[in-house]
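In what follows, a structure is listed as structure tokens, so that the remarks can point back to it.
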2 protein chains.
Amino acid sequence: MSNSADSPNPPFVPNYLLYLLAAASEAASEHFHAHVRTRGLRVPEWRVMACLIDTDGSMVTELARYAMIEQSRLTKIIIQMDTRGLVTRRSDPKDGRRVRVFLTPQGRALADELVADAKIDEQELLRSFQGGQGPEIKQTLRALIEHLEFSQSEPAQRKTADAES
Amino acid sequence: MSNSADSPNPPFVPNYLLYLLAAASEAASEHFHAHVRTRGLRVPEWRVMACLIDTDGSMVTELARYAMIEQSRLTKIIIQMDTRGLVTRRSDPKDGRRVRVFLTPQGRALADELVADAKIDEQELLRSFQGGQGPEIKQTLRALIEHLEFSQSEPAQRKTADAES
DNA sequence: AAGAATTATATGAAAATTCATGTTTCTTGC
DNA sequence: GCAAGAAACATGAATTTTCATATAATTCTT
């Protein structure tokens with residue numbers, strides 16, 4: 001009486017795919033995210049920096065997709081990061097609606113450092129997870145993501161009990 | 001010019017384990033979470049309900065761990081759900097500090113429905129992902145989570161470049 | 001059995017997020 | 001070339017979330 005599986009039949013949550021994904025993501029990220037905060041960044045800010053390492057000068061909307069942050073939220077985050085001198089915003093000369101975001105030298109220095117740290121953290125994680133299904137996991141996740149992105153454009157699939165009387 | 005991998009060397013983000021985990025979680029959840037909102041719940045509320053289906057009457061702290069929600073936030077969410085008649089709070093007679101949370105009949109009805117929907121959604125997801133590494137994924141994730149929970153108690157492991165001059 | 005320490009939850013103020021919508025700048029069709 | 005529409009960002013108010021800490025109820029110490 002007070003086990004993790006109190007119910008008669010097998011528990012739902014710990015076997016539910018979406019829970020497993022969220023829990024794995026959280027558990028795997030916890031350590032490095034703590035490190036990120038140590039360096040004075042919140043996680044969404046780190047995400048922006050990491051994305052800019054790949055695609056410096058991308059526009060806000062692109063960045064939002066890439067960093068998985070909703071646009072208006074990202075705008076506010078970027079403004080803060082601009083104020084702190086981590087990034088710069090320049091409107092695109094070809095298209096005045098677009099705002100292109102760049103790392104400042106200071107921002108790049110920090111981002112470079114954190115990306116290096118992230119790579120080390122990832123290596124340790126994967127290495128310590130060897131023996132089990134360590135190596136495959138990235139492949140599996142990539143496949144899942146691709147599959148999901150595909151079946152998003154492809155409708156007439158998952159319908160989720162339409163609850164219409 | 002304007003590819004997803006604009007940089008010379010391979011991009012960091014799309015190959016980074018923590019990104020893959022977060023992206024997979026998001027992509028996989030998107031569809032069902034939209035359904036949850038349709039039913040008038042926000043995602044954290046749904047998580048609470050799902051957890052209570054497994055462990056009705058658990059205390060706030062347990063629920064917080066189980067649902068991966070920070071305690072003070074969970075308290076507020078639960079109070080709202082109480083107000084809406086989805087759950088009830090009773091202090092534990094054995095230990096007056098503890099608050100035990102129960103689904104109301106109404107809450108349970110909704111939770112049952114959504115859990116059923118979730119199971120269907122999960123089945124469709126896994127089925128459509130067959131052929132690829134469909135079946136293994138849950139096992140892999142469980143292994144990763146266990147591994148991480150273990151190496152949390154076991155320190156002297158991952159160190160993340162201590163940046164102390 | 002009193003006081004200290006600990007555990008469980010609640011609370012409040014500051015900050016972040018969401019959601020709907022405003023503004024500005026292109027695009028397109030006619 | 002101009003009006004209508006679309007695209008890209010910004011903004012503001014309402015709501016959530018966070019973080020530190022308060023409060024309350026146990027357990028531990030000696």
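In what follows, every chain begins at residue 1, and chains take the letters A, B, ... in the order their sequences are listed.
- In this structure, of D:dT11, D:dC9, D:dT26, it is D:dT26 that holds the atom nearest to the side chain of B:D95.
- To the nearest angstrom, C1' of C:dA8 lies 6 Å from CZ of B:R97.
- A:F129 and B:H147 have tilted rings, their planes meeting at an angle from 30° to 60° on a 0 to 90° scale.
- Of the candidate nucleotides C:dT11, D:dA10, D:dT26, D:dA10 has the atom nearest to the side chain of A:R89.
- D:dA8 atom C1' lies 18 Å from atom NZ of A:K94, rounded to whole Å.
- For B:R98, the listed nucleotide lying nearest its side chain is C:dT9; candidates were C:dT11, C:dT9, D:dA10.
- Residue B:L63 contributes atom CG, which lies 14 Å from atom P of C:dA8 at whole-angstrom precision.
- Put simply, CZ on A:R100 is 17 Å from P on C:dT25, counting in whole angstrom units.
- Going from atom CE of A:M81 over to atom CG of A:L74 covers 9.0 Å, rounded to the nearest 0.5 Å.
- Atom-to-atom, CE of B:M68 to P of D:dT17 comes out at 14 Å; the value is rounded to the nearest Å.
- Here B:Q80 lies in heavy-atom contact (under 4.0 Å) with sugar-phosphate atoms only.
- As rounded to whole Å, 14 Å separates atom C1' of C:dT24 from atom CG of A:D92.
- The existence of a salt bridge linking B:D92 and B:R97 is excluded, since no basic side-chain nitrogen approaches an acidic carboxylate oxygen closer than 4.0 Å.
- Judged by a 6.0 Å distance limit and a 45° cone about the ring axis, B:R90 is positioned over the six-membered ring of B:F102.
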The contact string for nucleotides 17-23 of chain C, one letter per nucleotide 5' to 3', using protein heavy atoms under 4.0 Å with B, S and - for base, sugar-phosphate only and none, comes out as SBBB---

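- Here the C1' atom of nucleotide C:dC26 and the CE atom of A:M59 are 12 Å apart, to the nearest Å.
- Atom CE of B:M81 is separated from atom P of D:dT16 by 13 Å (rounded to the nearest Å).
- The line from CG of A:L52 to CZ of A:R47 is 14.0 Å long, rounded to the nearest 0.5 Å.
- The aromatic rings of A:Y16 and B:F32 sit perpendicular, their planes meeting at an angle over 60°, well past the 30° parallel limit.
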Hey, mind stepping through A:H35 and A:D121 against side-chain hydrogen bond (donor to acceptor under 3.5 Å, both in side chains) and telling me if it holds? CA-CA 10 Å; A:H35 176 61; A:D121 182 74; over 6 Å; no

